[in-house]
Each structure stands twice: as structure tokens, then as C-alpha cells.
Amino acid sequence: MAVLDHLGELERTHSCGGLRAEDAGKTVVLMGWIAVRRDFGPLTFVDLRDRDGLTQVVFDVEDAPEAHARAKEVRGEYVIAVRGEVVLREAAQRNPKLSTGDVEVQAREILILNEARTPPFQLDAAPDKLAAEEVRLKYRYLDLRRPFFQKNLRLRASVVGEIHRYMDEQGFTEIETPILIKSTPEGARDYVVPSRLHAGRFYALPQSPQIFKQICMIAGLDKYYQIARCFRDEDLRADRQPEFTQLDVEFSFATREQVYRLIEGLLVRVFRLVGAELKAPFQRLSYAEALRRFGSDKPDLRFGMELQDLAPALEGTTFAPFASALEKSGEVKGLVVKGGAHFSRKQLDELQEVSKRYGAGALAWIKLGDELSSSLLKALGEEAVMRLARQAGAEKNDALLVVAGKSSVVAASLGALRNELARREKLIPANAFAPLWVTEFPMFEYHEDDGRFYAMHHPFTSPLDEDLPTFERAVEGGETHLLGQIRAKAYDAVVNGIEVAGGSIRIHRRDVQRLVFKALGLTEEKARERFGFFLDALEYGTPPHGGIAAGIERTLMALTGIDNIRDLMAFPKTASAADLMIDAPGQIDPHQLEELHILIVEE
RNA sequence: GGAACGGUGGCCGAGAGGCUAGGCACUGGAUUGUCGAUCCAGCCGACGCGAGUUCGAGUCUCGUCCGUUCCGCCA
């Protein structure tokens with residue numbers, strides 16, 4: 001046990017990441033954590049760490065015997081203060097791996113401000129030797145000391161700072177909306193908060209401030225934004241957490257083009273923070289085209305490898321999987337993998353596994369190696385197989401991967417395969433950024449399980465003006481099947497295959513809103529029950545308006561290439577939505593339950 | 001709701017039925033130039049939990065818990 005020193009009035013003069021050759025000769029005070037201690041007897045080195053970096057501190061017994069003796073007591077993660085002189089290292093002793101490696105601090109004095117237990121895992125482990133995430137999440141405060149997280153969280157802060165500056169420059173007003181609101185059906189499951197003052201009633205945490213921001217438009221606030229925390233009680237993923245943050249934006253008299261320009265300007269500014277130059281205006285793809293060409297509504301455009309329609313080469317085919325797909329208005333499509341003729345049986349099996357996850361029956365393949373080989377050879381014959389290869393534009397040494405079936409399955413499986421292949425074949429250029437707008441999303445999505453249409457975005461999304469007549473026919477004329485064709489003024493901003501923002505122009509007219517509710521099978525009473533206050537508000541002079549929300553973590557994922565949302569937030573939850581550090585969710589005591597009028601029923 | 005993979009000492013990690021490697025960390029000592037220091041010595045565990053199969057189980061089977069990833073879900 002070390003005897004601790006008082007910090008007293010001592011103040012830091014520099015951070016542990018800032019000292020350079022030109023600081024030589026200065027007397028400095030550094031404070032931080034012991035990253036490592038190297039003991040050479042009369043000479044002891046300490047790497048002192050703070051959020052900015054590492055500085056080597058030297059304790060020389062001849063130079064400062066007392067400090068030297070004291071330095072022998074420190075251990076990893078002890079907190080110390082050091083006063084000493086910055087000295088230039090001799091050429092042979094410089095450390096090019098450290099930004100501060102040209103200098104070191106010759107310690108005169110050391111204060112041991114706090115000791116530390118031996119950490120349960122090593123903070124300096126190589127990226128592939130990191131302790132299990134379970135352990136690191138439990139001791140999140142230790143994991144966060146690592147430069148990786150220090151860097152990510154500071155980048156996050158500078159991104160949010162840049163957003164504030166930009167939105168302010170653009171004349172937007174930041175407005176806070178409530179966290180305790182009311183549960184709305186449809187959409188994600190709500191996190192729910194019981195009410196003490198109203199027995200049997202519950203608040204819900206917002207999935208997004210959607211209705212409030214539209215109310216802000218009706219309220220004449222004109223240009224609203226907020227860095228908003230959102231909550232969704234759905235299963236987690238590498239890119240999904242139960243609570244996350246989004247830049248929420250809405251403005252009045254909005255056109256889609258204005259939204260595009262606003263967000264393009266924003267993303268250009270934000271990406272500049274990491275030295276990336278996005279080209280604006282962004283490329284645009286309609287939802288239909290994105291799905292057709294890339295099998296995804298958030299295509300990664302850093303590489304090509306578009307889906308190829310093989311139907312023209314299959315006219316009159318009797319091969320059952322293909323014939324039945326084409327008959328049932330499905331598709332047969334393929335992906336050409338340049339140089340893919342080298343694929344082994346095992347690799348093809350693995351790729352098939354990927355496609356099967358998305359419902360594909362089988363993954364057919366054609367390899368144009370020195371000799372033709374194909375899983376379709378027996379069924380189709382050499383000539384038909386070559387016709388497919390030609391149709392797809394495959395050349396010598398390429399492979400063609402083929403999926404047949406329902407359009408949605410073909411798109412999903414080939415879309416996923418396309419991403420997987422790009423990773424495996426290293427087709428993704430480093431430091432490339434490919435932003436685009438995906439536009440004209442469908443208004444409605446048909447759910448087979450209950451045979452009705454649901455709003456794809458949300459029920460306040462405006463249809464395209466030119467689709468309004470069809471929409472009316474579909475709803476009032478009873479031609480329900482047309483609903484699937486109605487397009488919305490909805491859009492997503494996608495960067496490198498990551499959906500970083502999504503929004504729409506909203507409905508401001510009561511008659512159109514009525515049509516949408518009817519299309520969704522909501523009676524007037526039901527709609528009133530659920531959104532009554534909002535429908536009322538819409539009738540008091542609602543300006544045309546629209547907006548968008550950009551996920552902060554998603555944007556950072558695109559910005560950094562980090563593929564896990566947990567690495568971009570300070571205190572994330574596990575896949576089962578638990579916080580291992582604070583052990584949440586937890587039980588509450590019977591008194592609290594009673595006050596909340598809640599009875600727990602054992603299952 | 002479903003699937004896959006994983007859970008071995010403080011951490012990483014080998015070990016595919018019979019004796020459980022190694023590395024790091026940690027402790028003590030040595031050591032004037034290291035920066036993944038080095039050298040010497042020491043310390044640490046019945047392998048997530050439960051049941052089963054077996055003469056015998058980290059090693060096989062089943063269940064369960066936890067973690068990760070994916071499908072569903074996420075208007």
C-alpha cells in the first residue's frame with residue numbers, strides 16, 4: 001500500500017500527448033495513469049497516460065533520489081502527478097511509435113495521487129488479443145481508458161459539435177422534446193414507464209421525436225433540430241442499440257431538394273473532420289432501382305458487381321427452379337465475381353449458406369475456369385450454361401452465382417452475397433466514401449402474416465404528388481392491390497452501405513392523412529384514439545413540412561469504418577439489452593412496485 | 001421467436017475420453033536507456049452451471065445461463 005500524496009494546488013501544465021522536441025527545456029507538470037513501468041534499478045521509466053497520449057517519464061536516482069524511490073512504488077493504473085524537465089532524447093533513444101517519442105520528462109518530483117487494484121484485464125492487449133467483451137463491458141471504465149475509445153468518443157463529440165455549429169448557421173433552432181411521452185402503436189416496441197400518480201397508466205419513451213417535431217412545425221417554429229435520444233425495445237444488432245442518438249430535423253415549406261442540400265452540406269462538413277471529402281450533390285437511386293441493381297435499399301457503392309437479370313437467357317427453360325420462379329413473377333438473377341473461377345467447393349458452400357439465410361433455396365454457380373464447371377451443367381447443358389454466363393457478362397476466370405425465387409428473396413440474398421463477396425475478394429477500396437440518396441420508397445409494405453399493408457416509413461409520410469390519383473383509386477375505389485405501388489416522398493442517405501439518415505416530406509393535408517389511415521385499415525375512431533391530438537393540430541393551419549433524422553452512431557460507423565455501434569458509444573448494452581457494469585435491468589423493491597400499482601406475476 | 005459460434009487460471013490461449021501447454025499480468029529479487037525491456041525465482045485453475053453417457057469427460061450427449069453474430073423484428 002502506497003502512502004498517497006495530496007494534489008494540493010498543483011496544476012497540470014501539459015497533457016501526456018502534447019510534448020514535442022520544441023518543448024525541451026521546459027519544466028512541466030503532467031498527471032495521468034501509469035501505463036507501464038520499466039525498472040532498471042537506478043533508472044526507472046514510467047509511461048504516463050492520459051486521454052491525449054503517452055509520455056515517458058524518467059526517474060534517475062542521481063538526479064532525484066527521493067522521486068526515484070517513490071516511483072518504485074507505483075504500479076499499473078496508479079494515478080500520479082509528475083513535475084520535471086522536458087529533455088530531448090538522444091537520437092538512438094527516440095521512439096518513433098510515440099507522438100511524444102522525441103522527448104521525455106526527467107522527473108524531479110512525483111505525487112502518488114491514487115493507487116489501483118490490478119486491472120481484471122490488460123488494457124494494452126493487441127486488438128486481436130482483447131479480453132472478452134463481457135469482461136470489458138463489466139469494467140467499462142477501464143476499457144474506456146484505452147486510446148481507441150478515447151479517440152472514438154472525442155470524435156463523436158466533435159461530430160456533434162460540428163452538427164450544432166452547422167445547424168445553427170443554417171438558422172435552425174434546437175428544441176428539446178419530452179422523454180416521457182405516450183405509447184403509440186405501430187412501429188417499434190416502446191420502452192414503458194409506469195406512472196405513480198395515474199394507477200394503471202404508463203408513459204412511453206420516444207422511439208423518435210416524430211410527432212413532436214411535426215407539432216413544432218404547426219407551432220410555427222419553422223426550423224427545428226435536436227440531438228435526440230431515442231429508445232426502441234427491439235432485438236439488438238451490431239448496429240442497433242436500445243437507446244441511440246439521432247440528429248432530428250424538421251422544417252417548414254420543405255421540399256425534398258432542400259432536405260437533400262441541407263444534409264449533403266452537413267455530411268460534407270462532418271466527414272471533413274476525418275479528412276474525407278464527400279462529393280455533393282450525392283448520387284441518387286430510386287428504391288426500385290437500388291433493389292434491382294444492388295439487391296439492397298442501402299447499397300454500398302464503393303464497388304460495382306451489380307446484379308444481372310438472367311431471365312432473357314432463360315426463355316422457355318424447363319428447369320423447374322428457374323421456370324417456376326419466372327412463372328410466379330419472381331426472378332432469376334446473378335452476380336459476376338471477377339476472377340471467381342478459383343472458388344473451391346467449400347467456399348461455394350459458405351456462400352450458399354449466406355444466401356440461404358435470406359431464404360434462397362439454392363445457390364447455383366458457374367465457373368469459367370480453364371474448363372467450364374457448373375452446378376447447372378447436368379440440368380441445363382453446356383450451351384444453356386454458357387448462355388447464362390454471356391447474359392451476365394461473365395468472362396474467362398470469372399464465376400457467376402445464381403439465385404432464383406421470389407423477387408424479394410433474390411434481392412436480399414444476392415444483395416447480402418454482394419457485400420460478402422466484396423469483403424472476401426477485397427473489392428472495397430480503402431478510404432473511399434460513397435454517399436447516395438435512396439428515394440421514392442414505397443408508401444406501404446404488405447405483410448403476408450396478417451394480409452394487410454403497413455406504412456413503410458410512418459403514417460405521416462406524404463405520397464408522391466403524381467401517385468395521388470392512383471392512391472385515391474386504391475383506397476376509395478377499393479383497388480387495394482395498387483397500394484404496393486404508391487411511392488412516398490421518403491428518402492434515405494446511405495454512405496458505404498450504411499443507412500445514416502432517413503426522412504420524408506410529411507402530410508400536411510387532412511384529406512391525404514385520412515386516405516393513409518384508411519389504407520392502413522385505421523378507422524376514423526381508431527385514428528382519433530391513437531393520434532387524436534395530432535389530427536386536431538393538423539387542422540389548425542399546418543404548413544407543408546418535412547425533415548430527416550440522422551443516426552449519430554451510424555454516421556460515425558460510416559466515418560470510421562468501425563463495424564460495431566458499441567465502439568462508438570460510452571456505455572452500450574449487450575445483445576440481451578443488459579448493462580453489465582451497472583447490472584441493469586434490475587429489480588425494484590416492493591415499496592416502489594406498490595407505489596406504481598404494479599404486481600409482478602411469476603411465470 | 002429461430003439459427004450459428006463461443007465460455008479453460010486475473011487476461012489471452014493450446015488441449016477433439018485417461019498426466020491440462022505456453023504467453024501476458026501479478027509478487028519478490030537482480031538490473032543505468034528501456035519503450036511488447038531483460039534475467040532469476042515465485043504465484044495462480046478440477047475447464048460457465050446442472051444432469052447424463054463412460055471404469056474414466058474441458059474433451060461426447062442433453063438442458064440451462066452468459067457473450068457475440070445473423071434471420072425474424074427494428075412504422
Side-chain angles (χ1 to χ4, degrees), chain A residues 35-48 54-63 68 72 75-77 87 89-90 92-98 100-101 104 106 117-139 142 184-190 207-208 210-211 230-242 244 353-360 409 412-413 416 420 441-445 447 449 453-461 488 490 499 502 504 516 520 522 530 551 563-564 566 573-576 578 580:
Chain A
V36 65
R37 184 182 59 120
R38 291 178 293 276
D39 188 344
F40 282 79
L43 197 61
T44 293
F45 300 93
V46 154
D47 285 346
L48 193 61
L54 286 183
T55 298
Q56 173 165 282
V57 182
V58 190
F59 295 88
D60 191 326
V61 73
E62 288 180 18
D63 209 43
H68 174 265
K72 296 248 177 206
R75 296 291 182 272
E77 302 308 315
V87 297
R89 297 199 204 178
E90 284 174 32
Q93 291 169 4
R94 294 189 183 167
N95 184 350
K97 283 185 269 182
L98 276 185
T100 59
E104 61 195 8
Q106 195 79 40
R117 288 164 62 179
T118 303
F121 61 92
Q122 282 159 260
L123 305 193
D124 60 352
D128 59 327
K129 290 274 169 82
L130 285 179
E133 194 162 8
E134 197 170 355
V135 182
R136 292 190 287 121
L137 284 171
K138 183 173 175 193
Y139 299 94
L142 295 178
T184 51
E186 305 216 38
R189 273 182 278 262
D190 287 313
Q207 298 170 27
S208 91
Q210 185 60 36
I211 292 198
C230 303
F231 306 86
R232 294 182 187 173
D233 186 5
E234 293 294 343
D235 287 353
L236 292 84
R237 282 285 197 290
D239 62 349
R240 270 165 27 190
Q241 280 276 311
F244 59 96
E353 282 313 304
V354 173
S355 64
K356 278 190 167 172
R357 280 208 291 270
Y358 297 84
V409 167
S413 54
E420 176 69 20
F441 278 79
M443 280 284 283
F444 305 103
E445 226 174 358
H447 281 215
D449 37 333
F453 282 92
Y454 284 82
M456 190 158 186
H457 191 48
H458 56 61
F460 313 112
T461 302
E499 179 194 327
S504 64
V516 171
L520 294 172
L522 274 179
R530 291 178 182 182
D563 60 9
N564 196 309
R566 295 185 301 278
K573 294 183 174 55
T574 66
S576 63
L580 298 182

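Below, chains carry the letters A, B, ... as their sequence lines are ordered, and counting in each starts from 1.
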Side chain His68(A), main chain Pro42(A), donor-acceptor under 3.5 Å: yes

Taking every non-hydrogen atom, the tightest pair across Ala490(A) and Ser504(A): CA-CB, 3.8 Å

Shortest non-hydrogen contact between Ala360(A) and Val409(A), atoms and distance: N-CG1, 3.5 Å

Expected output: side-chain Glu104(A) to main-chain Val58(A) donor-acceptor under 3.5 Å: no

Arg75(A) (side chain) and U27(B) (base): donor-acceptor pair under 3.5 Å: no

Closest nucleotide among U27(B), U32(B), U34(B) to the Gln56(A) side chain: U34(B)

Whole-angstrom distance between U64(B) and C24(B), as gauged at atom C1': 33 Å

Heavy-atom side-chain proximity of Asn95(A) to Gln56(A) below 4.5 angstrom: no

Side chain to side chain contact (heavy atoms under 4.5 Å, CB included) assessment of Phe444(A) paired with Leu520(A): CA-CA 8 Å; Phe444(A) 305 103; Leu520(A) 294 172; 3.8 Å; yes

Protein and nucleotides 37-43 of chain B: nitrogen or oxygen contacts under 3.5 angstrom:
unit_1, atom_1, unit_2, atom_2, d
A37(B), N6, Asp39(A), O, 2.6

Separation between the P atoms of A57(B) and G18(B), rounded to whole Å: 11 Å

Between G23(B) and G29(B) - P atom distance, rounded Å: 22 Å

Exam field: side chain Glu77(A) to backbone Thr118(A), donor-acceptor pair closer than 3.5 Å: no

Interatomic distance where NE2 belongs to His68(A) and P belongs to U31(B) [whole Å]: 11 Å

Minimal non-hydrogen separation, Leu137(A) against Leu580(A), with atom names: CB-CD1, 4.0 Å

Watson-Crick/G-U partner (both atom distances under 3.5 Å) of G63(B): C49(B)

P atoms of C74(B) and U53(B), separation to the nearest Å: 46 Å

Nearest-Å distance once atom C1' is located in both A3(B) and U59(B): 24 Å

C1' spacing across the pair G45(B) / C26(B), given as an integer number of angstrom: 15 Å

Rounded distance in Å between the P positions of A21(B) and G50(B): 24 Å

Rounded distance in Å between the C1' positions of U54(B) and U68(B): 33 Å

Check: G33(B) base within 3.5 Å donor-acceptor of Glu90(A) side chain: no

Non-hydrogen atoms of Thr461(A) and Ala488(A) that approach each other most closely: CG2-CB, 3.6 Å

Heavy-atom closest contact (Asp235(A) atom, Arg240(A) atom, distance): O-NH2, 2.8 Å

Base orientation of G28(B), syn vs anti, 90° cut from 0: anti

Counterpart base for A3(B), defined by Watson-Crick or G-U wobble contacts under 3.5 Å: U69(B)

Under 3.5 Å: donor-acceptor pair, side chain of Thr100(A), backbone of Leu54(A): yes

Base paired to U54(B) (Watson-Crick or G-U; both N/O distances under 3.5 angstrom): none

Atom pair distance, as rounded to whole Å: CD in Glu104(A) and P in U34(B): 11 Å

Lys573(A) side chain to Arg566(A) backbone, donor-acceptor under 3.5 Å: no

Per-nucleotide protein contact string for nucleotides 64-75 of chain B, where B marks a base within reach and S marks sugar-phosphate only (heavy atoms under 4.0 Å, - for neither): --SSSSSBBBBB

For A37(B), the Watson-Crick or wobble partner whose two distances fall under 3.5 Å: none

Who pairs with A75(B) - Watson-Crick or G-U, where each distance is under 3.5 Å: none

Residue matched to U31(B) through Watson-Crick or wobble contacts both under 3.5 angstrom: none

Sugar-phosphate only, base, or nothing, as touched by Glu62(A) at under 4.0 Å among non-hydrogen atoms: base

Name the pairs: protein N/O against N/O of nucleotides 10-15 of chain B, kept only if under 3.5 Å.
unit_1, atom_1, unit_2, atom_2, d
G10(B), O2', Pro120(A), O, 2.3
G10(B), N2, Gln122(A), OE1, 3.1
C11(B), O4', Pro120(A), O, 3.3
C12(B), OP1, Ala132(A), N, 2.8

Watson-Crick or G-U wobble mate for A25(B), both contacts under 3.5 Å: none

Nearest heavy atoms of Lys72(A) and Arg37(A), plus distance in Å: O-NH1, 3.1 Å

d(NZ, Lys72(A); P, G28(B)) in whole Å: 12 Å

